[in-house]
Amino acid sequence: MRTLVLGGAAALLVLTSGPASAATEPSRPSGQDTAAITALVNGPDTAKRLAATKFPGAIAAGQAAPVAAQVPVFQPTADFVAGRSDVPGQLAYVAVPARTGDGRAATVWAERHGAGWEVVNVASGVDEQRFAAAAGGGYLLHEPQVNAWYAVNGDTLTVLDGSVLGLAPGTKLSLRSYRDALNTRYGTRLPGSAYDRSGAAGGYGTPETQVSQAVVSGPATSGPVVLLLVFGGLAVILLAGCAALLVGRGHDH
């Protein structure tokens, strides 16, 4: 199981809302972005953070990976789910493999903040690089509510890991079918919905300021525990088993 460090990217556990667009391909990091991320992850602050991070099971030490190893990770948008955009996702973060202080393989998450970039998490393992290698040239789409990973090539979505949904790796879906599935799962909890307006999510805010909320019903040993995660006005209910896949990764602080 992967260990997730929840920092500023905690809100990445739920769908983000982005502007509608007639394009079908999401915007990718530019060459300037790539250079900025390279400088960031190889800078002294990130080095100190990695040096202080300890995950169980150390392996041989190494250095941050080269620029070519950067993997943009996209996530579905509320506009895509609602049918207001044909763009399946928007950039959530850029994953860069590295090594922690105990030599364990890790991934630095760089997230855009305004005109620049910021390291928001250090996660154990190199899941993003592993899935990107299997993406066949497509871009990587992550549905964090169920920890499902997909490769998107044109109008075709290929499942890389859909175990929580019961989808075998290699399963192919059209983007239309995927949108319908997302709408079924999350359509009633989009921004502006009755659920949103009711305030049941426990608060609202922008992606930069909204803090994820977790409402737990009953003890973990009494059956399925429901987690209510909030981000930018969109709430998603998760069973504890799903949530564990998202947050069961080691901390860097």
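Everything numeric here is computed off the predicted structure, so don't read it as measured data. Along the sequence shown, residues carry numbers from 1.
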Task: Side chain proximity check, Val119 to Asp45, heavy atoms < 4.5 angstrom - done: no
Task: Residue pair Leu91 / Phe74, side-chain heavy-atom distance below 4.5 Å - done: yes
Task: Atom CG of Asp155 with >12 non-hydrogen neighbours under 6.0 angstrom - done: no
Task: Contact check, side chains of Trp117 and Val94, non-hydrogen atoms, under 4.5 Å - done: yes
Open item on the list: A side-chain contact here means heavy atoms from C-beta on lying under 4.5 Å apart; do Pro88 and Tyr139 qualify?
Closed with: yes
Open item on the list: I need the minimum non-hydrogen distance between Arg179 and Gly83, along with the two atoms involved.
Closed with: NH1-CA, 3.2 Å
Task: Test: Arg28 and Asp33 ion pair at under 4.0 Å - done: no
Open item on the list: Nearest 0.5 angstrom please: Thr156 OG1 to Leu175 CG, how far?
Closed with: 7.0 Å
- [ ] Work out which heavy atom in Pro76 is nearest to a heavy atom in Leu182; give both atom names and the distance.
- [x] CB-CD1, 3.9 Å
Open item on the list: Is there a side-chain contact between Thr38 and Gln70 in this structure, where contact means two heavy atoms from C-beta onward sitting under 4.5 Å apart?
Closed with: yes
- [ ] Flag yes if more than 12 heavy atoms outside Arg176 fall under 6.0 Å of its CZ atom; otherwise flag no.
- [x] no
Task: Residue pair Asn153 / Gly136: nearest heavy atoms and the distance that separates them - done: OD1-O, 3.6 Å
Task: Atom pair CD/CG of Gln90 and Leu141 - distance to nearest 0.5 Å - done: 11.0 Å
TODO: Mark yes or no for whether Gln129, through its side chain, and Ala95, through its backbone, hold a donor-acceptor pair below 3.5 Å.
DONE: yes
Open item on the list: Whether the side chain of Thr100 engages the backbone of Lys54 through a donor-acceptor N/O pair (distance < 3.5 Å, no angle test) should be reported.
Closed with: no
Task: His142 side chain reached by Asn147 side chain, heavy atoms, under 4.5 Å - done: yes
Task: Side chain proximity check, Glu143 to Tyr178, heavy atoms < 4.5 angstrom - done: yes
Open item on the list: I'd like to know whether Arg130 forms a side chain to side chain contact (heavy atoms under 4.5 Å, CB included) with Asp161, so could you lay out the CA-CA distance, the side-chain angles of the two residues, the decisive distance to 0.1 Å, and finally the verdict.
Closed with: CA-CA 11 Å; Arg130 178 166 54 88; Asp161 185 346; 5.7 Å; no
Open item on the list: Which heavy atom of Val41 sits nearest to which heavy atom of Thr46, and what is that distance?
Closed with: O-CG2, 3.4 Å
TODO: Under the side chain to side chain contact (heavy atoms under 4.5 Å, CB included) rule, what do Val120 and His113 come out as? Steps first, then yes or no, please.
DONE: CA-CA 10 Å; Val120 294; His113 280 250; 3.7 Å; yes
- [ ] Any chance you could measure Asn183, atom CG, to Phe80, atom CZ, to the nearest 0.5 Å?
- [x] 10.0 Å
Open item on the list: How close do Gly89 and Pro26 get, counting heavy atoms only, and between which atoms?
Closed with: O-CB, 3.2 Å
Open item on the list: Less than 3.5 Å apart, any donor N or O on the side chain of Asp180 or Ser177 sitting next to an acceptor on the other?
Closed with: no
Open item on the list: I'd like to check Leu50 versus Val108 (side-chain heavy atoms, cut-off strictly below 4.5 Å). Are they in contact?
Closed with: yes
Task: Heavy-atom closest pair, residues Ala110 and Ile37 - done: CB-CG2, 4.1 Å
